[in-house]
Amino acid sequence: MVRGPKQPFFILLVGNDSRPGVGGARGDALHVLGVNPAHHEASMIDIPRDTCWFGDKINVGNTRGPRVQANDVGGLLGVNISYVVDVDFAGFIGLVDGVGGVNVNVPTLMHDAYSGAYFAPGLHHMNGTEALAFSRDRHDFPQSDIIRTSNQGLLILDAMRGLRTRMQSAAGEFKLLALLGQHAQLDGIGVKDLYRLARVAFSLSPSRIKNITMPYSGGGNCLTPAAAVADLFADFRDDAVLESH
C-alpha cells in the first residue's frame with residue numbers, strides 16, 4: 001500500500017502567462033495549498049501577482065523557473081514549499097479539458113472582452129478555454145487583480161470537488177496523473193510523489209478548505225502586504241491549517 005506524507009506540507013500552484021507570442025512565463029496565478037495529512041485538513045492562501053518582493057513583483061520569479069518562484073513565495077510566507085505544479089495557458093486548457101471540464105460557481109456578472117469571460121452569476125460547466133477566461137478576468141472589477149486572484153482560488157476548489165467525485169478510482173487517478181505529467185511542469189514531484197499526493201488530496205473535503213487572499217495595503221507599482229499578514233502567515237505555517245482566520 002502506497003502511503004502519503006504524514007507531516008504538514010505546502011504545494012505551490014502556478015498559472016503562468018506563457019503563450020504563443022508572449023514569453024517570460026511570469027507567475028500570474030499563485031496559490032499555496034497547505035495540507036495537514038494527519039488531520040485531513042488543508043488551507044490555501046492566494047498571493048496577488050503584483051505583491052512586492054525585493055523591489056519587484058513576486059510573479060517575476062517564475063521567469064527563472066518554478067523552483068525560484070516557490071522559493072520567493074515560500075520566503076514571503078515563511079514556509080518551505082516542497083512541491084510545485086506550474087501550467088501555462090495551453091497546459092491549463094489541456095488539464096481542464098482532459099478531466100471533462102469543471103463546474104464553477106461564478107460569483108458575479110462577467111462581461112470582459114479582454115479575457116473572453118462572459119458569464120452570468122451561478123453554476124457553469126466550463127471547458128478549458130472558458131475556465132481560462134474566467135480565471136483571467138480582471139477588467140470587470142474595481143479591485144482588478146485582487147478579485148481575479150480570489151476567483152482563481154474559487155476555481156481551484158471547485159475543480160477539486162469535481163475531481164474528488166469523478167477521479168477517485170484507480171482508472172481516474174491514473175488518468176489524472178497522466179494529464180499532470182503531460183500538461184504541467186512539476187518541481188519536487190516524481191511519479192511516486194504524484195500518486196502519494198493524489199491519495200492525500202482525495203482524503204480532503206474541498207468544502208472544508210479555508211481559502212484566503214492575502215490582504216495588502218497601498219497601491220502603486222506593486223502591492224505591499226498588510227500588517228495583518230504576519231499573524232495570517234504564522235497561523236498558516238505552524239500546521240498548514242488556518243484556524244483563527
Novice: Do the side chains of Phe141 and Ile146 join up, straight or via other hydrophobic residues, at under 4.5 Å, putting them in one cluster?
Specialist: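 No, separate clusters.
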Novice: How close do Lys57 and Cys222 get, heavy atom to heavy atom, and via which atoms?
Specialist: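 Between these two residues, the closest heavy atoms are CG-CB, 4.0 Å.
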Novice: Indicate the atoms forming the closest heavy-atom contact of Phe10 with Asn80, along with that distance.
Specialist: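 For Phe10 versus Asn80, the nearest heavy atoms are CD1-O, 3.7 Å.
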Novice: Side chains of Asp86 and Asn16: do they bring a donor and an acceptor to under 3.5 Å?
Specialist: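 Yes, Asn16 and Asp86 have a side-chain donor paired with an acceptor closer than 3.5 Å.
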Novice: Is any side-chain heavy atom of Leu180 closer than 4.5 Å to a side-chain heavy atom of Leu194?
Specialist: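 The answer is yes, as the side chains (C-beta and beyond) meet within the 4.5 Å cut-off.
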Novice: First locate atom CZ of Arg164, then atom CE of Met160, and finally report the distance between them rounded to the nearest 0.5 Å.
Specialist: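 Answer rounded to 0.5 Å: 9.0 Å.
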Novice: So, the side chain of Asp50 versus the backbone of Leu223: is there a donor-acceptor pair under 3.5 Å, distance only?
Specialist: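 The answer is no, because no donor-acceptor pair under 3.5 Å joins these two groups.
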Novice: Please step through side-chain contact (heavy atoms from CB on, under 4.5 Å) for the pair Leu154 and Asn105, ending with a clear verdict.
Specialist: CA-CA 8 Å; Leu154 294 176; Asn105 195 1; over 6 Å; no
Novice: Is the backbone N or O of Ile58 less than 3.5 Å from a side-chain atom of Gln69, with the two atoms forming a donor-acceptor pair by type?
Specialist: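 Such a contact is found between Gln69 side chain and Ile58 backbone.
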Novice: Roughly how far, to the nearest 0.5 Å, is CG of Asp158 from CE of Met126?
Specialist: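 CG of Asp158 is found 8.5 Å from CE of Met126.
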Novice: What distance separates His40 NE2 from Ser205 OG, expressed to the nearest 0.5 Å?
Specialist: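 If I round to the nearest 0.5 Å, the distance is 12.0 Å.
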Novice: Check the pair Asp145, Arg138 against salt bridge (Lys or Arg N to Asp or Glu O under 4.0 Å), reporting the backbone distance first and the verdict last.
Specialist: CA-CA 5 Å; Asp145 188 60; Arg138 62 186 175 89; 5.7 Å; no
Novice: Main chain of Ile93, side chain of His183: is a donor-acceptor contact present, judged purely on distance under 3.5 Å?
Specialist: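 No, His183 side chain to Ile93 backbone: no donor-acceptor pair under 3.5 Å.
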Novice: Test side-chain contact (heavy atoms from CB on, under 4.5 Å) on Leu76 and Phe233 and set out the steps.
Specialist: CA-CA 9 Å; Leu76 174 70; Phe233 294 168; 4.1 Å; yes
Novice: I'd like to check Val104 versus Leu123 (side-chain heavy atoms, cut-off strictly below 4.5 Å). Are they in contact?
Specialist: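 No, too far: nothing below the 4.5 Å cut-off.
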Novice: Is atom NE2 of His139 surrounded by more than 12 heavy atoms (other residues, nucleotides or ligands) closer than 6.0 Å?
Specialist: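 Counting other residues, nucleotides and ligands, NE2 of His139 exceeds 12 neighbours.
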Novice: Between Arg196 and Val200, is there a side-chain heavy-atom distance shorter than 4.5 Å?
Specialist: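 SC-SC contact between Val200 and Arg196 ruled out.
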Novice: Answer yes when Arg49 and Asp28 have at least one side-chain N-carboxylate O distance shorter than 4.0 Å, and no when they do not.
Specialist: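 Yes.
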Novice: Are any side-chain N or O atoms of Arg166 and backbone N or O atoms of Gly172, one a donor and one an acceptor, separated by less than 3.5 Å?
Specialist: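 Checking the backbone N and O of Gly172 against the side chain of Arg166, no donor-acceptor pair under 3.5 Å is found.
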Novice: When you check the side-chain N and O atoms of His124 and Glu130, is any donor under 3.5 Å from an acceptor?
Specialist: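 Note: His124 and Glu130 side chains miss the donor-acceptor criterion.
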Novice: If you measure from CD1 on Ile189 to CG on Asp187, what distance do you get to the nearest 0.5 Å?
Specialist: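 That separation rounds to 8.0 Å.
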Novice: Within a strict 4.5 Å, meaning less than it, do heavy atoms of the Arg67 and Val84 side chains meet?
Specialist: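 Yes, side chains in contact.
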Novice: Check step by step if side-chain contact (heavy atoms from CB on, under 4.5 Å) holds for Ile11 and His31.
Specialist: CA-CA 8 Å; Ile11 304 174; His31 306 270; over 6 Å; no
Novice: Between Glu41 (side chain) and Asn36 (backbone), is there a donor-acceptor pair under 3.5 Å?
Specialist: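 Checking the backbone N and O of Asn36 against the side chain of Glu41, no donor-acceptor pair under 3.5 Å is found.
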Novice: Check for me, please, whether Met44 and Leu232 land in the same ILVMFWY cluster - side-chain distances under 4.5 Å, paths through other members count.
Specialist: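 No, separate clusters.
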Novice: Are Ile212 and Tyr216 linked, directly or through other ILVMFWY residues, by side chains that come within less than 4.5 angstrom of each other?
Specialist: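 In one cluster with Ile212: Tyr216, yes.
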Novice: Check for a donor-acceptor pair, side chain of Asn151 on one end and backbone N or O of Phe134 on the other, with a separation under 3.5 Å.
Specialist: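 Checked: no pair found.
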Novice: Looking at Arg136 and Arg19, what are the two nearest heavy atoms and their distance?
Specialist: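 Smallest heavy-atom distance, with atoms named: NH2-NH2, 3.9 Å.
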Novice: Could you measure the distance from the CG atom of Asp239 to the OG atom of Ser43? Nearest 0.5 Å is fine.
Specialist: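 Between Asp239 CG and Ser43 OG, I get 8.0 Å after rounding to 0.5 Å.
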Novice: Decide yes or no for Leu163 and Phe202: does some side-chain heavy atom of the first lie under 4.5 Å from some side-chain heavy atom of the second?
Specialist: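 Yes; the side chains approach each other to less than 4.5 Å.
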Novice: So which atom in Ala42 and which in Leu204 form the shortest heavy-atom distance, rounded to 0.1 Å?
Specialist: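 In this case the closest contact between Ala42 and Leu204 is CB-CD1, 3.8 Å.
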Novice: Is the OH atom of Tyr114 crowded by more than 12 outside heavy atoms at less than 6.0 Å?
Specialist: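 Not more than 12 within 6.0 Å, no.
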Novice: Taking the side chain as every heavy atom from C-beta outward, state whether Asp137 and Phe119 have any pair of such atoms under 4.5 Å apart.
Specialist: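 Of all side-chain heavy-atom pairs linking Phe119 with Asp137, none is under 4.5 Å.
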Novice: Side-chain contact, heavy-atom cut-off 4.5 Å: Leu30 with Val14?
Specialist: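 They are in contact (side-chain heavy atoms under 4.5 Å apart), so the answer is yes.
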Novice: Quick check: is Leu12 connected to Ile209 through a chain of hydrophobic side chains (ILVMFWY, heavy atoms under 4.5 Å apart)?
Specialist: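 Result: no, two separate clusters.
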Novice: Over all heavy atoms of both residues, which pair between Pro48 and Thr51 is shortest? Give the atoms and the distance, please.
Specialist: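 For Pro48 versus Thr51, the nearest heavy atoms are O-OG1, 2.8 Å.
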Novice: Testing the basics here: between Phe9 and Pro37, what is the closest heavy-atom pair and its distance to 0.1 Å?
Specialist: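 Of all heavy-atom pairs spanning Phe9 and Pro37, the closest is CE2-CG, 3.7 Å.
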Novice: So Leu109 and Asp140, do their side chains get closer than 4.5 Å, heavy atoms only?
Specialist: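 Contact flag for Asp140/Leu109 side chains = no.
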Novice: Counting distance only, does the side-chain N/O of Asp88 pair as donor-acceptor with the main-chain N or O of Gly91 below 3.5 Å?
Specialist: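 At least one qualifying donor-acceptor pair exists.
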Novice: Please determine whether residues Ile47 and Val87 belong to a single hydrophobic cluster, defined as Ile, Leu, Val, Met, Phe, Trp and Tyr linked transitively by side-chain heavy-atom distances below 4.5 Å.
Specialist: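 Not linked; separate clusters.
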Novice: Show your reasoning for whether side-chain contact (heavy atoms from CB on, under 4.5 Å) applies to Asn62 and Val68.
Specialist: CA-CA 6 Å; Asn62 208 63; Val68 174; over 6 Å; no
Novice: Measuring from atom OG of Ser150 to atom CE of Met214, what distance do you get when rounded to the nearest 0.5 angstrom?
Specialist: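 Those atoms lie 11.0 Å apart.
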